[in-house]
Participant: 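Shown below is the structure under consideration.
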Number of protein chains: 2
Amino acid sequence: MPPIISIHKRDMPVVGKGLKHKTMSEAAAAEIRERILDGTYSPEMHLRQDVLAAEFGMSRIPIREALLSLESEGLLNILPHRGAVVVKLSAEEIEELFNMRLLLEPFLFLRSAPHLTSSDFSRLTKTLSEYSAAIREVNVNTWNDLNTEFHMTIYKYACSPRIISTVRNLLAECDRHTRIQLTSITADRKRAVREHRKILKLCKQGRYEEGVQLMKEHIDHIRVALIDLLHVRQEVPDASPGGGSAIELPID
Amino acid sequence: MPPIISIHKRDMPVVGKGLKHKTMSEAAAAEIRERILDGTYSPEMHLRQDVLAAEFGMSRIPIREALLSLESEGLLNILPHRGAVVVKLSAEEIEELFNMRLLLEPFLFLRSAPHLTSSDFSRLTKTLSEYSAAIREVNVNTWNDLNTEFHMTIYKYACSPRIISTVRNLLAECDRHTRIQLTSITADRKRAVREHRKILKLCKQGRYEEGVQLMKEHIDHIRVALIDLLHVRQEVPDASPGGGSAIELPID
DNA sequence: AAATTGATGATTTTATACAATGGAAAGAAT
DNA sequence: ATTCTTTCCATTGTATAAAATCATCAATTT
């Protein structure tokens, strides 16, 4: 018997059309997105079309289209005639993403939560359990998927596909940075799990006003902790006219 | 003397690189965007790459890239292997755009308005005057530019470039539909001007809470009127779980 | 020494050609 | 007559080649 050669997905990416993708550019975008989100391509890294094309075994045209697509998701900046750079967000820009979540997610919550079914709650319970395990094991690769699933399941009945997709994209953009925080600070990890659990409980009990309030606090806690962390690292005083504090949260 | 041949911009579009655009695809995107926004390309219209390429005097590749860019702005849907279709928004989808504006614009307003300068007020006064004239003359081609300028000037100090660009894009998307309303209903036109004028006055007087409240009402009035108009036309009962009413507006 | 100009090469952008896809029409089967 | 299958063709997606842009470096000028 000849030895069996094990091919791991990450060792040798298969980038192409198939069941998952109708076009090569979609497949390339998915792979590049994954690499940005998992940190393989770090902020400010320059992505070369020819290198990616050679690696993925395709021409540069679908790579260009993939990069354009990722630019519209906020993950890349494309500078004309100079190429694509992985976005590095300043503390202020990260904060803005959280501000935007704080503006949009409560709306989705209140429109959707009253319509959640028992099947949804089963799914949320399962997702929460997996999230808790991933947090405990510091398994950073699945945090965002599970966090996104938790939030998106709660919002699924909001009848606001545009806002939902905007939030989904914000979650993806935030994840690169949320990982830093959750990796660094044990207490923040445990609190995230606790808050998810309580949000779910309040939904089950039909206490939506309290649920939405906690959802806001949950998002804000991450915002505050992350900005603190980033400012400690940068030690740059925040002098912008609108900076310093987030939106006016009526925390009763 | 030979007769002077007058070349109008709209009669013979010059689509290309120059001072305005670094790439052909940017130039094409701008021209196509303009045509979508001014109604030349109506909702559900199919845009063919080869036709556009021939008309603009360029190859299909930058056209493809332009179409991708416009898809990310929400103006087009690109169906793999089937081409690009101008987005037609249902009444619910239009309403969602307004809901999103109602969530985001007050935040921008409150962060920015206190920082407006006398120079800003001069500009706003001028813009308002031009807007008023355009409304009076039912000059639909400039309404959105002036409306956008009014809103964007107020928001310029919000230190939230991402939210600002999201709102700018929402304004562009709403415009195709707001025109229907404003063209149809005289009273709505006059009220829009009145509301803009009063918002500006409240800003000058430093009465920001009242200003933001009126801004919300202003946006909501258009939403309500537009949805009424669309429902009268469609005569389809709204049975969606989250439909019927907008966000919970605390109108004191 | 500093500033300006020109040349070069790497990379991106676009043009042209070829391949792939999906819808419509035609033909075959029931 | 209706339904299913096959073929065809228009259009899109991708590959390859050529053109354009920009950053860097060397040479020249001030």
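Throughout, protein chains are lettered first and strands after them, A, B, ... in sequence-line order, and every chain is numbered starting at 1. As a basis for the values below, the full set of heavy atoms in this structure was taken, side chains included, without hydrogen atoms, waters or symmetry mates.
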Participant: Answer yes or no: is there a donor N or O on one side and an acceptor on the other, between the side chain of B/S122 and the main chain of B/S118, under 3.5 Å?
Facilitator: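 Yes; at least one donor-acceptor contact below 3.5 Å.
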
Participant: Between A/E93 and A/K88, does at least one N-O distance fall below 4.0 Å, as a salt bridge requires?
Facilitator: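 Here A/E93 does not pair with A/K88 in a salt bridge, since their nearest N and O are not under 4.0 Å apart.
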
Participant: Is there side-chain contact between A/R168 and A/E173, with heavy atoms separated by less than 4.5 Å?
Facilitator: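 No, side chains not in contact.
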
Participant: Flag the pair A/E65 and B/R64 as a salt bridge only when some basic side-chain nitrogen lies within less than 4.0 angstrom of an acidic carboxylate oxygen.
Facilitator: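 The answer is yes: the pair qualifies as a salt bridge.
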
Participant: Reading nucleotides 8-15 of chain D from the 5' end, what letters show protein touch, with B for base, S for backbone sugar-phosphate only, - for no heavy atom under 4.0 Å?
Facilitator: ---SBBBB

Participant: Does a sphere of radius 6.0 Å around NZ in A/K22 hold more than 12 heavy atoms from other residues, nucleotides or ligands, not counting ones at 6.0 Å or beyond?
Facilitator: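 No - once you tally the heavy atoms of other residues, nucleotides and ligands closer than 6.0 Å, there are 12 at most.
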
Participant: If you round to the nearest 0.5 Å, how far is CE of A/M152 from CG of A/L124?
Facilitator: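 Between A/L124 CG and A/M152 CE, I get 12.0 Å after rounding to 0.5 Å.
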
Participant: First contact, last contact: which nucleotides of DNA chain C are these for chain A, 5' to 3', heavy-atom distance under 4.0 Å?
Facilitator: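 Boundary nucleotides touching chain A, in 5' to 3' order, are C/dT11 to C/dG22.
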
Participant: I want to check something: taking the side chain as every heavy atom from C-beta on, are B/D120 and B/Y157 in contact at a cut-off of under 4.5 Å?
Facilitator: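 Yes - at least one pair of side-chain heavy atoms lies under 4.5 Å apart.
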
